[in-house]
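Computed from a prediction, not measured in an experiment: that's the story for all the values here. Within every chain, numbering begins at 1; the chains are lettered A, B, ... in the order of the sequence lines, protein sequences first and strands thereafter.
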2 protein chains.
Amino acid sequence: MKKKTRYVILGLLRDEAMTGYEIKNCIDRRMSFFWQESYGQIYPELNAMQNDGLLDAREDQQSGNRVKFRYTITEKGRQVFNDWMTEECEKDTVRSEAFLKFFLANDSNQADVIHHLEKFHQQNRERLESYEMFMKSFQGLEDMHNHKYILKMLELGIRQQHLYCDWSSDYIDELKNND
Amino acid sequence: MKKKTRYVILGLLRDEAMTGYEIKNCIDRRMSFFWQESYGQIYPELNAMQNDGLLDAREDQQSGNRVKFRYTITEKGRQVFNDWMTEECEKDTVRSEAFLKFFLANDSNQADVIHHLEKFHQQNRERLESYEMFMKSFQGLEDMHNHKYILKMLELGIRQQHLYCDWSSDYIDELKNND
DNA sequence: AGTGGCATGTAAAGAGTTACATGATTTG
DNA sequence: CAAATCATGTAACTCTTTACATGCCACT
């Protein structure tokens, strides 16, 4: 898959100015079930995008010799984002080591499978809780309409987490009662 | 994520001897919702694994100067696979351009979102059908027990596809009735 | 005779992670 | 005052895809 780093950045900056660090954080906390980016992708890309005229950087001078950059999207940036929105989507890339193990297991691996299922269940419950918290943070806002699209994705994320939690806890029971 | 190519191969060869081409096909058809490998990973890895004593190659001489290799797992290969089964799982890596677009969209992208949702829905219905066919291919076999683990993953895959289909068709209706 | 699927492989390009380096600010 | 978090960046490495090259086999 071609790299999409710039579109994620552009998409987030449409709503509010952010630093590279905040962008990374936002992706990790809110989008982790379908996307990830590392600092090694984000920081060089921010500079390239500024060079291409897609972003403006507001330099927040902190005390000392360190600087902090808060980026704003330009008109050209909005254009590039909207062009990407119109393009066809490439095929997903997914790699889940847990699913791989669940699929390839046989009876000689039962104990390992149970262990991985328990870990899987716990991780998905945590993720579910964090999505539900994020969802609640929208409750009560009057401009719900502006967040319609995020809310819909969040709804899907929550339903997926429920599915994973239900499936794994049933599966654990089955394996444990089978002895 | 460290590359897992050898474990996928080992896992598949535990059940039956296969060619590199068949391995690739099997991953594409049955495991695509949580894993993918390319020929560029599989063929060099098969040679490395043979070198490491994890596989034996049976050379099917075809007429002409072309050969075809059917690989068998060795005892050492089974060991390496079982050791991997016991290890902790690394974090998933997922990238879905469609989800990214759904998440980052706003009203100015509504038409694009509907288009991508329709494509998304269609692709997921096709995938659902292929999983259901794969599932049916197990029905009637007496040794269902041997396929317990695959069946459980297939069940999850099918439920996930149902979720994606339901969610996207509801979403399309919502967006279309909102005008 | 042509198409599509079976079959193996490599080289180069591209994508992505990780470890490291640096230092400020906030919070307990 | 220590620890956590905010903050930016790069270089090296690893992983992965893609395009290309080759040729067989079955079917129409």
Side-chain angles (χ1 to χ4, degrees), chain A residues 1-9 12-13 17-29 31-32 34-51 55 57-71 89-97 100, chain B residues 1-9 12-13 17-29 31-32 34-51 55 57-71 89-97 100:
Chain A
M1 193 188 259
K2 289 262 145 66
K3 67 175 164 167
K4 304 284 142 81
T5 312
R6 65 175 49 195
Y7 307 115
V8 190
I9 293 173
L12 292 173
L13 293 183
M18 292 169 102
T19 67
Y21 186 85
E22 285 166 351
I23 290 167
K24 171 74 164 83
N25 244 274
C26 181
I27 297 168
D28 286 349
R29 280 180 304 141
M31 302 162 76
S32 58
F34 60 89
W35 205 264
Q36 47 267 138
E37 298 284 347
S38 64
Y39 288 126
Q41 288 166 287
I42 291 169
Y43 284 115
E45 190 64 19
L46 282 168
N47 289 315
M49 289 165 78
Q50 207 187 338
N51 236 291
L55 304 179
R58 205 180 305 265
E59 199 165 315
D60 277 24
Q61 190 75 48
Q62 295 173 259
S63 73
N65 47 7
R66 269 266 150 169
V67 272
K68 168 169 139 166
F69 303 102
R70 190 162 290 276
Y71 293 94
C89 297
E90 287 185 69
K91 240 181 52 195
D92 297 354
T93 58
V94 187
R95 278 189 180 82
S96 163
E97 190 173 0
L100 191 58
Chain B
M1 195 189 261
K2 287 262 147 65
K3 69 173 163 170
K4 303 284 143 83
T5 312
R6 65 174 49 195
Y7 307 115
V8 190
I9 293 172
L12 292 173
L13 293 183
M18 291 169 103
T19 67
Y21 187 84
E22 285 166 350
I23 290 168
K24 172 74 164 85
N25 244 275
C26 181
I27 296 168
D28 286 349
R29 281 179 303 140
M31 302 161 75
S32 58
F34 60 89
W35 205 264
Q36 48 267 140
E37 297 285 345
S38 62
Y39 288 126
Q41 288 166 286
I42 291 169
Y43 284 115
E45 190 64 19
L46 282 168
N47 290 314
M49 289 165 78
Q50 209 187 337
N51 238 291
L55 303 180
R58 203 180 307 264
E59 199 166 315
D60 279 22
Q61 188 76 48
Q62 294 173 259
S63 72
N65 48 5
R66 267 270 149 167
V67 272
K68 167 169 139 165
F69 303 103
R70 191 162 290 276
Y71 293 94
C89 298
E90 287 184 69
K91 241 180 52 194
D92 297 354
T93 58
V94 187
R95 278 188 180 82
S96 163
E97 190 173 359
L100 190 58

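The nearest whole Å value for the distance from the NZ atom in K4(B) to the P atom in dC15(D) is 9 Å. If you measure from atom CH2 of W35(A) to atom P of dT17(C), you get 10 Å, rounded to the nearest angstrom. Whole-Å rounding puts the E37(A) CD to dA15(C) P distance at 12 Å. Going from atom CD of E59(A) over to atom C1' of dA7(D) covers 14 Å, rounded to whole Å. Atom P of nucleotide dT8(D) and atom CG of L46(A) are separated by 8 Å, given to the nearest angstrom. Rounded to whole Å, atom P of dC6(C) lies 19 Å from atom CZ of F69(B). Between the P atom of dG16(C) and the CD atom of E45(A) lies a distance of 11 Å, rounded to the nearest Å. If you take CG of D92(B) and P of dG16(C), they are 16 Å apart, rounded to a whole angstrom.
In terms of heavy atoms, L12(B) sits closest to M18(B) at CB-SD, 4.0 Å.
Listed by chain and residue number, W84(B) satisfy the ring-ring contact (aromatic ring centres under 6.0 Å, His included) test with Y7(B) (two or more places apart in sequence, or in another chain). The salt bridge (Lys or Arg N to Asp or Glu O under 4.0 Å) test applied to K24(B) returns D28(B), not counting sequence neighbours. Residues forming a salt bridge (Lys or Arg N to Asp or Glu O under 4.0 Å) with R70(B) (at least two apart in sequence, or on another chain): E22(B).
Each salt bridge (Lys or Arg N to Asp or Glu O under 4.0 Å) pair with one or both residues in residues 39-49 of chain A, not counting sequence neighbours, appears once here: K3(A)-E45(A), R6(A)-E45(A).
At a threshold of 4.0 angstrom between heavy atoms, the contacts of R95(B) are confined to the sugar-phosphate backbone, with no base atom among them.
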Provide a list of protein-nucleic acid N or O atom pairs under 3.5 angstrom, restricted to nucleotides 18-21 of chain D.
none

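Within residues 17-28 of chain B, no residue places a heavy atom under 4.0 Å from DNA chain D.
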